Asks: 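Below is a structure I'd like to ask you about.
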Amino acid sequence: MIPAKMNPISISTKRGKGVDSIVDWFDEYKQTFYSLGWSYLRNQQQMEELFYTSIIKVQKEMPRFKSETSFETWVTSIFIPICRELYAHQGLQHTEESEQRQDVLIALDQLKEYEKEAILLTYVKRMSKEEAAHLLKVSAEEMQELLFSGIQSLRKEMRYGSTFNGCKEYHKKYIDYLERAMCRPEKVDFEVHIYHCQECQEDLAAFQDVMLTMTSLTDRIEDLQMPSGFMESVKDRLAEKERQRQQKKEKRNRMGLVLSGFIALGMGIGFFTGVFSSLYYSWTEDNKQLRTFLQQDLGKRLNLEAESNGVKITIKSAIADDVQTLVFYEIEDKDENNQYVINYDEGILVENQQDIMNNATYPRYYPPDFESDGNNKQKNVFEGKISLLPLAVDDGTIKLKITKLQKLVRDSTDPERFENIEFKTGEWNFEIPVSKQPSIEYALDEETEVEGIPVRFNKLTIAPTATILQFGINNEQPEKRLEVLSFDNLEVNDKKLKADRWYGTTFSDVQKDMNWTAFHTHFDPLFGEKPNDVNVQFASARLTFEDPKTIELDASRDYPQTFEYAGSTISIDSVEAGPPSEVVISNHDIEDRAYQSLHFDIMGDDESENSSIEMDSEGVLVDKNGIEYDLNITPVSYEKIEQPRYFETVQRITLHGSKVGPKRLNIIGYSAMKYVDDVVNISTADIKQ
């Protein structure tokens with residue numbers, strides 16, 4: 001099966017709508033990508049990370065998509081390297097599988113990278129050989145050779161014949177013959193040879209057995225069913241990232257966002273350092289964070305200028321390390337009283353990114369600082385910073401091209417401020433010289449428990465632009481999992497470093513011990529300090545609980561009806577037969593409620609039907625002090641609420657494709673966020689460079 005090519009209109013729509021349209025596209029094509037990913041990872045947590053990372057990467061790279069190939073092929077070209085990376089860094093965590101299937105998968109893992117991918121793209125992803133060759137950047141002839149050598153290697157690993165005695169000049173014809181892709185004269189010639197050559201007959205038969213085994217494996221992989229709630233979990237993570245990182249789509253949840261500034265870094269740095277540059281920059285640089293970097297000799301003044309369409313951009317400086325490349329800028333509107341910022345998702349391109357930057361990570365998002373004195377002095381001048389990828393080289397020149405600037409809207413009460421975004425077009429080109437500053441890593445050895453789940457601190461990285469704490473979570477208990485652990489601050493040598501509120505905790509990789517999963521959290525920078533004493537203060541823990549329960553549904557009964565679950569009384573408000581069918585459940589009592597959201601499936605009259613489920617919900621936001629914010633009545637400023645929790649109060653589930661109606665509500669478990677104020681001390685003996 002050759003994937004259908006997407007038309008230009010659909011691509012244009014996806015570019016315009018952002019991550020939501022990418023998620024919808026992945027939802028539509030989820031099974032084929034799930035099958036491909038499973039061929040590498042075969043572990044649900046890794047699979048979720050694969051989809052999550054791929055969606056983000058596709059969104060970032062969308063401006064670079066060209067319609068020379070199908071959209072699905074282009075997405076696959078992004079998906080495959082992420083599979084490789086997760087496979088290489090996380091290892092394999094196998095689930096139980098049939099002996100034959102396990103043997104084939106293990107054999108696949110032994111192949112050379114390109115052999116394996118040629119087979120997976122052709123026989124699992126079912127791409128045409130031409131598209132697979134284009135994706136792997138090889139010729140058609142090389143593609144044929146990769147397939148042949150890959151199948152031969154599989155044959156050797158699976159012991160389908162210990163020797164290969166067929167005539168070498170006919171080897172390349174095996175695949176075309178078995179796939180019935182030969183022209184008639186060539187087929188006749190091949191069959192005449194096979195008829196008279198006993199060794200080729202045996203060799204071809206063994207080769208065919210491996211291909212049949214691959215076909216059987218492919219069918220089984222394609223029959224894999226995504227676990228219930230898989231895509232919903234990915235969507236939840238993306239929604240959380242959007243709330244923290246951009247906050248642009250909050251109108252849908254009626255959650256307002258006030259773009260606020262971040263706390264200027266450099267607190268605790270003395271005014272005088274005894275160095276002339278420190279005193280000089282204290283007098284001459286208004287931006288407090290940039291001034292701190294310059295005082296520490298971590299960057300240089302650049303003041304590179306470019307002007308286009310009445311707007312001047314000045315690149316003030318650039319600070320690079322292993323975490324990111326921070327570019328400080330100032331934008332002046334010379335014709336009108338407008339303020340503009342650089343939007344990473346629109347109109348910015350590092351033209352030599354592949355040559356000098358580390359493409360295995362992602363840039364960080366920093367909101368505009370509305371509170372700084374410098375940004376409130378003039379109506380036509382705004383200073384900000386943008387995070388680019390970290391450098392892959394020690395020294396280099398960033399070729400930065402900007403073609404679009406976002407106009408700032410300061411009125412946070414404007415309900416359309418994220419819907420009607422205005423841009424200024426032009427062309428501003430810069431060549432930014434930059435040097436990568438070193439980072440220092442310290443090994444940690446401390447273990448504790450959060451909500452009864454082991455947590456282990458592994459590494460502290462002190463980089464010029466951030467302090468990073470890496471830790472691991474042991475989720476061996478299937479009935480309870482610690483999904484996200486958030487921190488309030490990190491205290492190093494009596495200096496408190498606040499946790500990055502925009503990003504929180506992110507996935508890192510799997511520990512050497514497969515039962516541990518690694519995460520990391522970013523904190524404010526720490527300048528010129530060797531950590532002697534470290535205190536870690538937690539903020540909250542997000543957990544999922546496995547607690548299955550089945551409730552029978554019958555559209556002919558009178559509703560509402562109630563049932564007990566997780567210590568709460570839940571109401572089934574209505575059940576309507578379709579098509580489409582609809583179920584409404586609610587629980588407005590959130591005081592001391594054990595769960596915030598339920599994980600469930602609605603089963604229709606025929607569970608084998610390919611029905612789709614559409615969900616809509618209402619909820620209440622509650623801060624740490626117990627104050628409730630009804631999002632259905634008044635939009636709220638999410639960023640100003642202290643550690644908010646979102647409780648779903650009403651859930652409407654529409655079941656498409658069911659001819660009679662919903663029959664069962666299968667609850668799998670639930671999620672809950674708990675506040676944790678514990679402080680863990682990591683002593684000097686447990687800190688090693």
Side-chain angles (χ1 to χ4, degrees), residues 228-229 232-244 247 249-257 450-451 480-486 501 504-505 538-549 551 560-574 583-602 613-654 665-677:
S228 174
E232 285 69 25
S233 180
V234 174
K235 292 175 184 178
D236 286 346
R237 290 184 63 186
L238 290 165
E240 180 67 20
K241 176 183 174 65
E242 288 298 300
R243 281 195 293 270
Q244 295 179 349
Q247 304 293 323
K249 305 298 181 182
E250 291 303 314
K251 184 180 179 182
R252 177 171 45 189
N253 295 321
R254 302 179 183 180
M255 300 171 69
L257 168 67
V450 176
E451 295 294 316
K480 181 171 71 171
R481 295 179 57 85
L482 176 55
E483 303 291 353
V484 177
L485 182 59
S486 299
R501 188 175 182 187
T505 296
F538 300 119
S540 64
R542 192 176 74 193
L543 301 107
T544 58
F545 298 83
E546 185 176 314
D547 187 9
K549 185 181 181 71
I551 296 93
Q561 296 190 18
T562 62
F563 65 92
E564 300 297 317
Y565 181 77
S568 295
T569 301
I570 301 174
S571 171
I572 304 176
D573 296 340
S574 64
V583 178
V584 179
I585 63 175
S586 66
N587 181 6
H588 295 274
D589 184 8
I590 65 172
E591 185 174 0
D592 299 324
R593 200 170 88 178
Y595 71 90
Q596 289 173 244
S597 62
L598 298 175
H599 305 159
F600 59 84
D601 282 330
I602 299 288
I613 295 179
E614 179 182 342
M615 295 190 184
D616 185 25
S617 66
E618 299 175 10
V620 175
L621 205 63
V622 182
D623 68 12
K624 189 176 182 180
N625 300 313
I627 299 175
E628 297 182 15
Y629 303 83
D630 191 338
L631 306 178
N632 302 302
I633 299 175
T634 306
V636 297
S637 177
Y638 180 84
E639 286 302 310
K640 290 187 177 181
I641 301 176
E642 184 180 5
Q643 296 188 48
R645 294 188 295 171
Y646 182 73
F647 288 85
E648 291 182 339
T649 56
V650 179
Q651 290 178 285
R652 297 179 182 85
I653 308 98
T654 303
L665 170 64
N666 290 339
I667 299 180
I668 302 162
Y670 59 91
S671 296
M673 185 181 113
K674 297 189 177 183
Y675 298 119
V676 186
D677 296 325

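Since the structure is predicted, the reported quantities are computational estimates derived from the model, not experimental observations.
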Asks: side-chain contact (heavy atoms from CB on, under 4.5 Å) with Q561: which residues, sequence neighbours excluded?
Replies: R557, Y559
Asks: Return yes if some donor-acceptor pair links the side-chain N/O of Y670 with the main-chain N/O of D547 below 3.5 Å, else return no.
Replies: no
Asks: To the nearest 0.5 Å, how far apart are CG in L543 and CG in L485?
Replies: 9.0 Å
Asks: Sequence neighbours excluded, which residues qualify as salt bridge (Lys or Arg N to Asp or Glu O under 4.0 Å) partners of K480?
Replies: none
Asks: When rounded to the nearest 0.5 angstrom, what is the spacing between OG1 in T654 and CG in D616?
Replies: 8.0 Å
Asks: Flag the pair I551 / I572 as yes when at least one side-chain heavy-atom distance between them is below 4.5 Å, and no otherwise.
Replies: yes
Asks: Residues in salt bridge (Lys or Arg N to Asp or Glu O under 4.0 Å) with D592, at least two apart?
Replies: none
Asks: Using the side-chain contact (heavy atoms from CB on, under 4.5 Å) criterion, which residues pair with D589? Sequence neighbours excluded.
Replies: N587, E591
Asks: Please identify each residue that fulfils side-chain contact (heavy atoms from CB on, under 4.5 Å) with V622, with sequence neighbours left out.
Replies: I590, V620, E628, F647
Asks: Please find the pair of heavy atoms, one from L482 and one from A541, that lie closest to each other, and give the distance.
Replies: CD1-CB, 3.6 Å
Asks: Establish, for the pair K549 and F563, whether the NZ or CZ atom is under 6.0 angstrom from the six-membered ring centre and no further than 45 degrees off its axis.
Replies: no
Asks: Looking only at side-chain N and O atoms, does S597 offer a donor or acceptor that is under 3.5 Å from a partner on E648?
Replies: no
Asks: Taking all heavy atoms of F600 and all of I667, pick out the closest pair and write down the distance.
Replies: CB-CA, 3.9 Å
Asks: Which atoms form the tightest heavy-atom contact between P644 and M673, and what is the distance?
Replies: O-CE, 3.8 Å
Asks: With T544, which of R481, E483, H599 fulfils side-chain hydrogen bond (donor to acceptor under 3.5 Å, both in side chains)?
Replies: E483
Asks: Could you measure the distance from the OH atom of Y595 to the CD1 atom of I570? Nearest 0.5 Å is fine.
Replies: 3.5 Å
Asks: What distance separates I585 CD1 from T562 OG1, expressed to the nearest 0.5 Å?
Replies: 12.5 Å
Asks: Are E618 and R652 ion-paired here, with the side-chain N under 4.0 Å from a carboxylate O?
Replies: yes
Asks: Just to verify, which of R645, Q643, K674 counts as forming a side chain to side chain contact (heavy atoms under 4.5 Å, CB included) with S540?
Replies: Q643
Asks: In chain order, what residues pass the side chain to side chain donor-acceptor pair (under 3.5 Å) check against S233, with sequence neighbours excluded?
Replies: E48
Asks: So, D623 side chain and N625 main chain: donor-acceptor pair closer than 3.5 Å or not?
Replies: yes
Asks: Looking at A566 and A594, what are the two nearest heavy atoms and their distance?
Replies: O-CB, 3.6 Å
Asks: Measuring from R593:CZ to T569:OG1, what's the distance to the nearest 0.5 Å?
Replies: 11.5 Å
